[in-house]
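Everything quoted here is computed from the prediction, not taken from an experiment. Atoms within each ligand, like the ligands themselves, are counted from 1 in listed order.
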Amino acid sequence: MKSVFASLLCLLALLSAHAQTSLKPPTEPVLDRFLRYVKIDTQSQEDQTTVPSTRKQLTLANLLAKELTALGAENVRVSEFGIVYAMIPGNLADNSKVPVIGFISHMDTSPAVSGANVTAVIHKNYQGGDIVLPKDPTQIISVAKNPILKERIGDDIITADGTTLLGSDDKAGISEIMTMIDTLRQNPQIKHGTIAIAFTPDEEVGGGIEKFDVKGFGAKLAYTVDGGTLGEISNETWSARTATITFQGKNTHPGTAKGIMINSLFAIADYLDRMPRDNQPETTDGRVGFVHPYAGTIEVEASTLKVLLRNFDLAGLEAQEKLLRDLVAQTQAKYPDVKISINVQENYKNMKEVLKDYPELTDNAFEATKRAGLKPTLKPIRGGTDGARLTFQGLPTPNLFTGGENFHGKLEFNSQRGLEKSTEMLIHLVQVYAEKAK
Ligand SMILES: [Zn+2]
């Protein structure tokens, strides 16, 4: 009985695979859409008091709202903070049986590199070798540093011209979500539940998501479409704390300082020197966390040191904090006159702490990735994401790939296949949810 059932499932899979290949195309190919969006400068800016941090992000927000409406989306709105929200109605007999799934991408590009006058260059039918960007020959996407290029032979690779970033992060995600909506509209035979859409400003400067209306968004579960390499799905981020260590000395006129001055500089130097070198950002990767002294001030009277603690496991984070406290005790013993204090603040937690209770989010993304003909892999993010923040606000949100590489720099690239396969995965994903509801 079981094997009959299994072969029936196989047959169904074949049928649905066939249905996928005979889909009516979207009204605009994902590549064309992407090339339109990257031309719009949406760079965000650090240390602004308003959201969005730059008005120019609203140009894209308003355009997306208009296009969503034209694609049949409902309840399309741009909030006072420039967040675009929309709802794609489900087409099931009973949509309430499928959870409302959200898809989120960000509109801004990194403040690190200019996003003005982006000229995308398409390297057609890439045949291997380094890619030299035309407007600045010193900007080279080398095979040595980008072994992923070997998997892109025959693909049309999309880069900037060497003077700007490309903006695939995250206009690829936006284009893929929009093309999914377009394709669903062209193909009512694809069954799906209600889909919530949001495009956010200021992701790169960490401001936009604070203004996100989780309740108004209306999704039970969501995905950020803001990842990289094809097939990579992330349900883990750092757990993060920041330590501030203060070394209080005593300043006085150096001419009459004998027996009075307590110079805090020697204590902070001693403390830094005690830090192990094998757990720094420059000496770790993969799942290994780090302790990163990254800023500080030095004055005779008082010196301060700021240290980032990053780990995927809370126990590991605790151990890192203990290490910093132990080093305080050691330096304090050597410099008893300097008053040393340490203050540790929590920044954010690994979203896996919550997502482990929602395994279907990752499982369904894996299934959709396989259906798109890709190999799904889990990649922990050595950073934080908007999705992590949403996850702790009650909206579980892992991150999906977009096909993009080398974010935040002039060597950023994506490809036609990257855009198309990521879109295909999204179309499969909404179907996986609909099928599971039966
Ligand atoms: Zn991004």
With sequence neighbours left out, what residues match Tyr271 under ring-ring contact (aromatic ring centres under 6.0 Å, His included)? Phe247

From Asp170, does some N, O or S atom reach closer than 2.8 Å to the Zn ion (ligand 1)? no

Can you tell me if an N/O/S atom from Glu203 lies under 2.8 Å from the Zn ion (ligand 1)? no

So Tyr433 and Tyr223, would you call those rings parallel, tilted or perpendicular, with 30° and 60° as cut-offs? perpendicular

Closest Asp169 atom to the Zn ion (ligand 1) [N, O or S only]: OD1

Taking just the N, O or S atoms of Asp226, which one is nearest to the Zn ion (ligand 1)? OD1

Face-on cation placement of Arg287 at Phe312 ring, 6.0 Å and 45° thresholds: yes

Does the separation of the ring centres of Tyr348 and Phe392 fall below 6.0 angstrom? no

